[in-house]
> 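Dumping the structure here so I can ask a few things about it.
Side-chain atoms are counted along with the backbone in the values below, which use heavy atoms only and exclude waters and symmetry mates.
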Amino acid sequence: MSIEVKVRAPESVADATLVSWHKAVGDIVQRDENLADLETDKWCCEVAARPGRAPGTARQAVAPR
């Protein structure tokens with residue numbers, strides 16, 4: 001089963017830059033673990049695996065590495 005990870009950003013944020021990936025395809029991902037970092041000129045965000053889910057494996061990265 002695949003789970004899509006979405007980012008909740010403030011309404012004023014239209015674009016963000018993917019600063020870094022912390023997981024590669026095939027890596028084990030624990031719940032609440034940081035997957036990537038995003039930032040804009042006014043905002044920074046850690047993208048975490050969804051809380052309450054069992055550990056899994058990173059299967060696909062849609063944004064470029």
> Which heavy atom of Gln30 sits nearest a heavy atom of Ala49, and at what distance?
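For Gln30 and Ala49, the tightest heavy-atom pair comes out as O-CB, 3.6 Å.
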
> Just verifying a value: how many Å separate Asp41 CG and Asp15 CG, rounded to the nearest 0.5 Å?
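Nearest 0.5 Å value for the CG-CG distance: 10.5 Å.
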
> Listed by chain and number, what are the side-chain hydrogen bond (donor to acceptor under 3.5 Å, both in side chains) partners of Glu46, not counting sequence neighbours?
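With sequence neighbours excluded, Glu46 shows a side-chain hydrogen bond (donor to acceptor under 3.5 Å, both in side chains) to no residue whatsoever.
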
> Can you sort out the partners of Asp37 under side-chain hydrogen bond (donor to acceptor under 3.5 Å, both in side chains), two or more places apart, ordered by chain and number?
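With neighbours one apart ignored, the set is Ser20, His22, Asn34.
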
> To the nearest 0.5 Å, what is the distance between CG on Asp27 and CZ on Arg59?
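It comes to 14.5 Å.
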
> If you look at every heavy atom in Ala48 and Asp32, which pair is closest and at what distance?
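For Ala48 versus Asp32, the nearest heavy atoms are CB-O, 3.9 Å.
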
> Looking at residues at least two apart in the chain, or sitting in another chain, which of them share a side chain to side chain contact (heavy atoms under 4.5 Å, CB included) with Ala58?
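For Ala58, the residues satisfying side chain to side chain contact (heavy atoms under 4.5 Å, CB included) (neighbours in sequence not counted) are Val29.
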
> Does the Thr40 side chain pair with the main chain of Lys42, one donor and one acceptor, at a distance under 3.5 Å?
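Confirmed, Thr40 side chain pairs with Lys42 backbone.
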
> Distance from Lys23 atom NZ to Thr57 atom OG1, nearest 0.5 Å?
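Answer rounded to 0.5 Å: 10.0 Å.
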
> What about Val19 and Val47, same hydrophobic cluster or not, with Ile/Leu/Val/Met/Phe/Trp/Tyr joined at side-chain heavy-atom distances under 4.5 Å?
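No, it is not one cluster - the side chains of Val19 and Val47 are not joined through contacts under 4.5 Å.
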
